[in-house]
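Shown next, in structure tokens, is the structure this report addresses.
Below, read A as the first sequence line, B as the second, and so on, with proteins coming before strands; counting in each chain starts at 1.
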Number of protein chains: 2
Amino acid sequence: MRYVLEREIPARSSGRPPELRALRLERTNEQPRIANLLSPGQQSLLQDIATLITFRHGEDIFLEGSEAHSVYTVASGMVRISRTAESGRRQVMAFALPGDLFGVPEQGRYFSSTRAVGEVSLYRIPWLELSALLQREPALQASFLVRIAFDLRQAQKRILVLGQQNVSQRLATFLLELMEHEDFYDADRRQLRLPLSRFDLGDYLGTSAETVVRVLARMEKDGLLRRLSSRLLLIADAGGLSELLRGRRRND
Amino acid sequence: MRYVLEREIPARSSGRPPELRALRLERTNEQPRIANLLSPGQQSLLQDIATLITFRHGEDIFLEGSEAHSVYTVASGMVRISRTAESGRRQVMAFALPGDLFGVPEQGRYFSSTRAVGEVSLYRIPWLELSALLQREPALQASFLVRIAFDLRQAQKRILVLGQQNVSQRLATFLLELMEHEDFYDADRRQLRLPLSRFDLGDYLGTSAETVVRVLARMEKDGLLRRLSSRLLLIADAGGLSELLRGRRRND
DNA sequence: CGTGTATTTGATGCATATCAAATATTGTGG
DNA sequence: CCACAATATTTGATATGCATCAAATACACG
């Protein structure tokens, strides 16, 4: 394996100190679902203390700041994880998909709010019982450690996206990621189903619903995709979406 | 429709788990601790496999994508953790301060690049020995789990900042956070030392060095602070900085 | 004291936040 | 199944925050 070292781009770095940097390697998109990390024996240990519950579209699972008694893993459906800024605006931190873990307490309280997007079924795991179990089962705890470390990397990728990309690039990144999930992307028909409102999308991408609409319109004009309906896209040029990511922040 | 979650934000807590903060404050001639989250017994377990090493200003500790053999904790100084986007721009993910952990491998490779900011001393811990130790010591592993979970929350806070705040607000957030560290803030003189170049600051805040300069100039004009030198600020109105955070993204 | 580097200031245009309003879609009671 | 209300999406208009290119000034270091 090799990576390439380059001098810092001289063009736009007049006063900037010259530096070496490593070129970014291709990303890996493997999702370590908790269930997949566990042996059958470990799974049954978790099942013993877990309860399967369901939520309908739009129902809150828990709210930021409330007392945390349980953690959850997604059995089916999608969960919106969000936080509210001091300004009152909402930021969607992530969407939890089947196998994802959420609701890990921060000092006995939930750090974010979560809401069902569409029909959702979850495993609820009492926190106290889980932490006791983790102490007894180092291998199980190691699986959780891997899982949280993965979530940390996902969060860091979002920092990169929000810090460096313009809205078109952020949306392209999101669409390409969603296309990796069979639940939402029909590769044969090239149809991508958006389970989200424009507002949720804007809150996820750190922009407004109106801007999301305009960016989608521009992408359609540019032949990258077509809006079959507001929640269903035909991905005409996935390669073109990827190329967007290489462009600058301003302009193209 | 969107709703606003009414919730009072507690007065500035340092953002660190209380266990960490208590230990951080004691600054004596004793050996810096490997990770101030750990009990003395756990620390000695780690000490047995750790090596103390030092770096001078600007030296790279490791580069994104290279093979990862060790994890690190900061003994003293500051480490810049960054990643490079496909566009070639750099995003500073975080700054690691004493007690912080970094360099956890992703599939055997480093996920980000790290560089010393000023003189830095680190404990280097071989990854293989550490993971074996964690398997033998569930309590130690639990501490690492807590630590990573904490880092995840920090990352989520940055997502909130980058997704919702304008550059003035982001800078205010950063200054207020840095003010919590005695290493950088002299509360009596109200002097805040910036160990970073304008470029690093811009890369951290997801903006350009020039914009950082302009925002600092505006803050000075507005009486929030004074630039004693480019790396030394006098914080004239910390309350005013906090109030910035309540404003909208546009205007004000 | 000179040379490379860092910071600051200036000029300019675009991306996007925000307010408004029109249109489309979905849900609901009759 | 229809009419109507509520909600979601789209389009329009406008101001502005910020990226970007340039260049001047300040600073640091041998």
Side-chain angles (χ1 to χ4, degrees), chain A residues 8-19 56-58 85 87-90 117-118 162-172 194-203 205-221 226-233 244 247-252, chain B residues 1-3 56-58 85 87-90 117-118 162-171 194-203 205-221 226-233 244 247-252:
Chain A
E8 182 79 5
I9 313 157
R12 64 163 305 287
S13 60
S14 51
R16 164 170 293 205
E19 301 189 341
R56 280 168 304 178
H57 174 71
S87 65
R89 290 182 60 117
R90 179 176 61 212
V117 177
L162 292 173
Q164 302 289 358
Q165 298 183 346
N166 62 34
V167 174
S168 298
Q169 294 172 319
R170 294 181 210 171
L171 181 58
L194 298 178
L196 307 164
S197 75
R198 298 291 188 255
F199 284 96
D200 280 346
L201 215 39
D203 289 343
L205 300 176
T207 187
S208 64
E210 297 96 318
T211 296
V212 171
V213 169
R214 283 181 233 273
V215 168
L216 279 171
R218 192 183 333 145
M219 285 177 170
E220 186 161 12
K221 187 171 70 65
R226 269 178 49 211
R227 284 175 288 185
L228 303 180
S229 77
S230 75
R231 305 286 188 107
L232 187 65
L233 304 180
L244 273 186
R248 299 224 182 140
R249 185 119 144 236
R250 177 116 167 238
N251 285 345
D252 170 75
Chain B
M1 217 43 209
R2 331 168 76 185
Y3 71 98
R56 280 168 304 177
H57 174 71
S87 65
R89 289 183 61 117
R90 179 176 60 211
V117 177
L162 292 173
Q164 301 291 0
Q165 297 182 347
N166 61 34
V167 175
S168 299
Q169 296 172 319
R170 293 182 211 172
L171 181 58
L194 298 178
L196 308 163
S197 75
R198 299 289 188 256
F199 285 97
D200 279 346
L201 214 38
D203 288 343
L205 300 176
T207 187
S208 65
E210 297 95 319
T211 296
V212 171
V213 169
R214 283 181 233 274
V215 169
L216 279 171
R218 191 181 337 140
M219 286 178 170
E220 186 161 12
K221 185 171 71 64
R226 269 179 50 211
R227 285 175 287 185
L228 303 180
S229 77
S230 75
R231 303 286 187 107
L232 187 65
L233 304 181
L244 273 185
R248 301 220 179 146
R249 187 119 144 236
R250 176 118 166 236
N251 283 346
D252 185 347

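At D:dT9, one or more side-chain N or O atoms of A:Arg231 fall inside 4.0 Å of OP1 or OP2 (strictly under the cut-off).
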**Request:** At under 4.0 Å between heavy atoms, which parts of nucleotides 16-26 of chain C does protein reach? Answer with one letter per nucleotide, 5' to 3': B base, S sugar-phosphate only, - none.
**Result:** SBBB-------
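Side-chain polar atoms of A:Ser168 and A:Arg218 form a donor-acceptor pair below 3.5 angstrom.
Separating the CG atom of B:Leu201 from the P atom of C:dA6 is a distance of 14 Å, rounded to the nearest angstrom. Rounded to a whole Å, the CZ atom of B:Arg227 is 8 Å from the C1' atom of C:dT8. Rounded to an integer number of Å, the gap from B:Leu216 CG to C:dA6 P is 17 Å. With rounding to whole Å, A:Gln169 atom CD is found 13 Å from D:dA19 atom C1'. As a whole-Å value, the separation of B:Asp200 CG from C:dT5 C1' is 14 Å. Rounding to whole angstrom units, CZ of residue A:Arg56 and P of C:dG27 are separated by 14 Å. Regarding A:Met219, its CE atom lies at a distance of 13 Å from the P atom of C:dA15, rounded to whole Å. Atom-to-atom, CZ of B:Phe199 to P of C:dT7 comes out at 7 Å; the value is rounded to the nearest Å.
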**Prompt:** Between A:Leu233 and A:Leu216, does a side-chain contact (heavy atoms from CB on, under 4.5 Å) hold up when you go through it step by step?
**Reply:** CA-CA 10 Å; A:Leu233 304 180; A:Leu216 279 171; 4.2 Å; yes
**Message:** Evaluate A:Thr207 against A:Leu171 for side-chain contact (heavy atoms from CB on, under 4.5 Å), listing each step before the verdict.
**Reply:** CA-CA 10 Å; A:Thr207 187; A:Leu171 181 58; over 6 Å; no
**Request:** Would you please test B:Val167 and B:Arg214 for side-chain contact (heavy atoms from CB on, under 4.5 Å) and show each step?
**Result:** CA-CA 10 Å; B:Val167 175; B:Arg214 283 181 233 274; over 6 Å; no
**Request:** Applying side-chain contact (heavy atoms from CB on, under 4.5 Å), run through B:Leu244 and B:Met219 and close with a yes or a no.
**Result:** CA-CA 10 Å; B:Leu244 273 185; B:Met219 286 178 170; 3.8 Å; yes
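Taken to the nearest 0.5 Å, the CG atom of A:Leu205 stands 7.5 Å off from the CZ atom of A:Arg170. Note: B:Thr211 OG1 to B:Asn166 CG = 11.5 Å, rounded to the nearest 0.5 Å.
Rounded to 10 degrees, the angle between the two end axes of the helix from C:dC1-D:dG30 to C:dG30-D:dC1 is 50°, with five pairs used at each end.
Within the 3.5 Å criterion, the main-chain N or O of A:Ser230 finds a donor-acceptor partner in the side chain of A:Arg198. A donor-acceptor pair under 3.5 Å is absent between the side-chain atoms of B:Glu220 and the main chain of B:Arg226, judged by distance alone.
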